[in-house]
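Okay, so here's the structure we're looking at.
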Amino acid sequence: MKEIKLRLAILLVLATLQNASSHGEQPLSRISIHKATFALHELAYIQASPTVLGLRGENTEWVTLEFGSKNPSVDDWIGVFSPANFSASTCPEENPRVYPPFLCSAPIKFQYANYSAPEYKDTGKGFLKLQLINQRSDFSFVLFSGGLLNPKVVAVSNHVAFSNPDAPVYPRLAQGKEWNEMTVTWTSGYGINEAEPFVEWGPRGESMRSPAVTQTVDRNSLCGAPARTVGWRDPGFIHTSFLKELWPNRAYMYKLGHRLFNGTYIWSQTYHFRASPYPGQNSLQRVVIFGDMGKDEADGSNEYNNFQRGSLNTTKQLMRDLKNIDIVFHIGDICYANGYLSQWDQFTAQVEPIASTVPYMIASGNHERDWPGTGSFYENMDSGGECGVLAENMFYVPTETRAKFWYSTDYGMFRFCIADTEHDWREGTEQYKFIEHCLASVDRQKQPWLIFLAHRVLGYSSCISYAEEGSFEEPMGRESLQKLWQKYKVDIALYGHVHNYERTCPIYQNICTNEEKHYYKGSLNGTIHVVAGGAGASLSTFTTLQTKWSIFKDYDHGFVKLTAFDHSNLLFEYKKSRDGQVYDSFRISRDYRDILACTVDSCSTTTLAS
């Protein structure tokens with residue numbers, strides 16, 4: 001008992017949790033860890049079972065906690081810590097004259113003690129089921145009294161661990177820089193000094209191996225708190241393999257492998273994907289687009305003000321319809337980790353059924369990139385000190401340099417131009433030149449569907465905050481870009497950031513260029529702007545002002561799906577996350593000559609000479 005008390009006594013906390021600016025609050029930032037005190041009671045207990053997880057190769061398991069307290073309260077809560085040993089020995093020394101904190105990391109999730117046992121306040125006994133994912137380390141569970149604002153350590157559990165914490169997990173597919181290249185990114189606990197990472201892959205009945213590059217993120221590569229302090233958790237080793245010279249639309253199998261230097265192999269389960277169509281290929285192509293999904297916990301933990309309550313619904317709908325989805329674009333505000341790095345593992349685990357099967361392409365948002373003094377266009381603290389580092393490493397995107405998170409990618413009859421709104425996009429900038437080149441270089445005879453994607457709303461939105469500013473857009477959003485959209489005849493521009501759904505008419509310079517609402521034949525004469533930022537995070541309110549250009553609004557969680565049937569016919573659908581049903585849609589039907597047709601500010605120079 002003395003050893004237990006000694007181990008528990010080091011749970012005094014001096015580290016401070018710093019809130020990151022957010023549309024809502026990162027749940028873990030609510031815990032006043034720096035106020036924690038030691039209040040171990042010999043009659044208090046917490047026991048976790050089973051102690052070994054993943055015995056059949058699972059990377060997600062449920063544990064059952066049984067706990068008790070002599071002085072129960074509705075404010076009592078349970079924190080999950082990983083690594084299980086979170087004592088002063090794991091804290092970096094910041095100043096030799098100052099003692100290190102006794103607890104230097106936030107829990108990776110938490111839940112109130114009476115969540116599953118309403119009688120806990122009266123009986124002092126309770127139980128709780130929590131879902132854990134394989135995150136390269138063991139776990140322990142702490143029973144706290146005093147609520148989140150004045151926590152007191154009452155009891156600490158036994159340790160729980162996966163049978164192989166270092167196993168390769170959570171593959172994320174992404175298109176490479178060539179149309180016939182697929183990249184596979186995954187996470188493991190194996191560094192290059194321990195094992196050689198690779199992907200074994202091929203069409204059914206054949207196999208080959210492609211090596212993977214390995215990188216990681218250390219604390220010093222991050223920009224501020226909480227990412228460098230209580231939110232820090234080692235993100236492990238991140239591997240990316242490049243599968244090249246794929247045949248269009250062919251089905252491939254793959255699995256992740258690590259060859260240990262003792263000659264043994266560690267394998268993941270087998271996954272599959274279908275290679276992308278070649279640029280211009282005339283085949284059925286289905287694209288899902290959304291922003292601001294975030295993550296949520298299936299066990300109900302970490303909840304705050306329903307901050308990301310739509311996230312699991314969106315994920316489940318995509319999983320149910322996965323056979324009818326070819327590629328996904330998540331346009332910023334990926335998981336709202338806000339400097340609590342454990343949340344990136346939890347997000348990649350949540351989307352694994354999707355991202356391991358179809359390319360999962362991301363864009364940079366304010367909650368990935370923004371941090372003062374780091375070159376971001378906005379000098380706020382929305383990334384929680386991550387300053388883009390986690391997003392740039394956890395997911396592959398075919399950028400020229402990762403710090404400049406803009407890129408283009410082709411998918412059959414689609415050309416996608418993805419902007420980075422956390423860097424300056426205005427005329428004369430490097431990004432502006434990229435955007436113009438992306439729009440200008442597409443062969444519209446082969447790829448008629450030209451789509452612009454960005455996180456912040458550079459086009460049009462009826463969000464109340466934009467309306468109060470009088471801009472109905474991100475300030476300075478469309479002033480430089482609208483002439484490019486018009487000149488190169490962008491069909492649809494889609495955005496996140498605002499957590500709702502809205503669709504405009506085809507529009508240019510605040511004027512609707514087409515009065516149709518659901519079936520567009522021939523030239524649009526403008527660009528349709530869509531806000532699709534309602535995939536999971538807390539919803540954004542619309543202004544009561546009615547604008548002529550706003551055709552459809554929805555204050556709910558949902559996502560967009562584009563279906564190209566051929567070079568002349570495109571279907572747009574907006575689906576709600578709660579039921580997967582279509583609530584808004586339109587069609588575009590046209591020929592190549594309609595793309596060539598002259599309209600305002602998009603006419604080629606002509607001559608009177610014959």
Side-chain angles (χ1 to χ4, degrees), residues 57 59 167-188 190 195-214 238-259 265-288 315 318-330 348-362 394-398 407-416 447 561-564:
N59 292 319
V169 290
Y170 319 131
R172 289 89 75 181
L173 298 175
Q175 296 210 124
K177 291 186 177 180
E178 301 293 332
W179 68 267
N180 59 351
E181 178 182 55
M182 190 73 73
T183 68
V184 186
T185 299
W186 73 96
T187 308
S188 84
Y190 295 110
E196 297 171 341
F198 62 92
V199 173
E200 185 170 281
W201 64 284
R204 188 176 298 276
E206 304 176 29
S207 68
M208 64 192 82
R209 291 182 180 178
S210 294
V213 298
T214 299
I238 304 161
H239 316 279
T240 299
S241 184
F242 300 84
L243 315 185
K244 298 176 179 291
E245 298 183 357
L246 306 177
W247 290 87
N249 285 94
R250 178 175 288 188
Y252 290 88
M253 312 289 284
Y254 73 98
K255 58 181 178 179
L256 317 173
H258 291 263
R259 182 185 180 276
Y265 286 84
I266 305 295
W267 296 101
S268 73
Q269 68 181 73
T270 299
Y271 301 91
H272 62 89
F273 69 89
R274 187 171 297 277
S276 302
Y278 60 81
Q281 179 175 318
N282 192 353
S283 60
L284 183 67
Q285 295 155 17
R286 302 153 299 185
V287 182
V288 165
T315 303
L318 299 185
M319 290 168 57
R320 289 170 184 166
D321 197 38
L322 197 54
K323 66 181 182 299
N324 298 312
I325 298 171
D326 297 312
I327 186 170
V328 170
F329 287 87
H330 186 159
T348 55
Q350 178 175 313
V351 300
E352 181 200 31
I354 304 161
S356 64
T357 307
V358 300
Y360 198 96
M361 314 300 294
I362 69 167
M394 294 295 288
F395 286 84
Y396 175 84
V397 292
Y407 63 98
S408 66
T409 192
D410 295 319
Y411 193 88
M413 295 175 285
F414 289 96
R415 160 67 62 90
F416 295 96
Q447 294 175 283
K561 184 177 182 181
L562 305 179
T563 303

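Side chains are part of it too, since the values below use all heavy atoms of this structure and drop only hydrogens, waters and symmetry mates.
In this structure, Trp201 and Met253 have side chains that are not in contact, with every pair of non-hydrogen atoms separated by 4.5 Å or more. In this structure the side chain of His272 reaches within 4.5 angstrom of the side chain of Thr357, judged on heavy atoms.
Checked against ring-ring contact (aromatic ring centres under 6.0 Å, His included), Phe273 has the following partners two or more places apart in sequence or in another chain: Tyr252, Tyr254. A search for ring-ring contact (aromatic ring centres under 6.0 Å, His included) contacts involving Trp267 returns Phe198, Tyr265, not counting sequence neighbours.
In this structure, the separation between NZ on Lys323 and CG on Asp321 is 6.0 Å, given to the nearest 0.5 Å. Put simply, CE on Met394 and CD1 on Ile238 are 5.0 Å apart, with the number rounded to the nearest 0.5 Å. Considering CD of Glu200 and OG of Ser241, their distance stands at 11.5 Å, rounded to 0.5 Å. One finds the OH atom of Tyr278 at 13.5 Å from the CG atom of Asp410 (value rounded to the nearest 0.5 Å). Separating the CG atom in Leu318 from the CD1 atom in Ile325 is a distance of 5.0 Å, to the nearest 0.5 Å. Between the CZ atom of Arg250 and the OG atom of Ser276 there is a distance of 14.5 Å, given to the nearest 0.5 Å.
Nearest heavy-atom pair across Val169 and Trp186 is O-CB, 3.5 Å. The two atoms that bring Asn249 and Arg274 nearest to each other are O-NH1, 2.7 Å, heavy atoms only. Taking each heavy atom of Ser188 and Pro168 in turn, the nearest pair found is CB-CA, 4.0 Å. For Tyr411 against Pro277, the heavy-atom pair with the smallest separation is CZ-CD, 3.2 Å. Closest approach of Ala174 and Met182 over heavy atoms only: O-SD, 3.5 Å. The two residues Thr183 and Tyr396 come nearest to each other via the heavy atoms OG1-CD2, 3.4 Å.
Gln175 places no side-chain N or O within donor-acceptor distance of the main-chain N or O of Thr409, the cut-off being under 3.5 Å. Proximity of a side-chain donor or acceptor of Glu181 to a complementary backbone N or O of Leu243 within less than 3.5 Å is not detected. Of the possible donor and acceptor atoms, none in the side chain of Arg172 sits under 3.5 Å from a partner among the backbone N and O of Thr348. Not a single donor-acceptor pair under 3.5 Å links the side chain of Asp326 to the backbone N or O of Val287.
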**Report entry** His330 vs Phe395, side chain to side chain contact (heavy atoms under 4.5 Å, CB included): CA-CA, chis, key distance, verdict
**Finding:** CA-CA 11 Å; His330 186 159; Phe395 286 84; over 6 Å; no
Report task. Report the C-alpha separation of Leu562 and Phe414 in whole Å, then their side-chain angles, then the decisive distance to 0.1 Å, and conclude whether the side chain to side chain contact (heavy atoms under 4.5 Å, CB included) test is met. Result -> CA-CA 10 Å; Leu562 305 179; Phe414 289 96; 4.1 Å; yes
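The aromatic rings of His258 and Tyr190 lie tilted to each other, with the angle between the two planes from 30° to 60°.
Around the CD atom of Gln269, the shell of radius 6.0 Å holds more than 12 heavy atoms that belong to other residues, nucleotides or ligands.
Ser283 and Gln285 form a side-chain donor-acceptor contact under 3.5 Å, judged by distance and modelled atom types alone. Asn59 and Glu352 share no donor-acceptor pair across their side chains, judged by distance under 3.5 Å alone.
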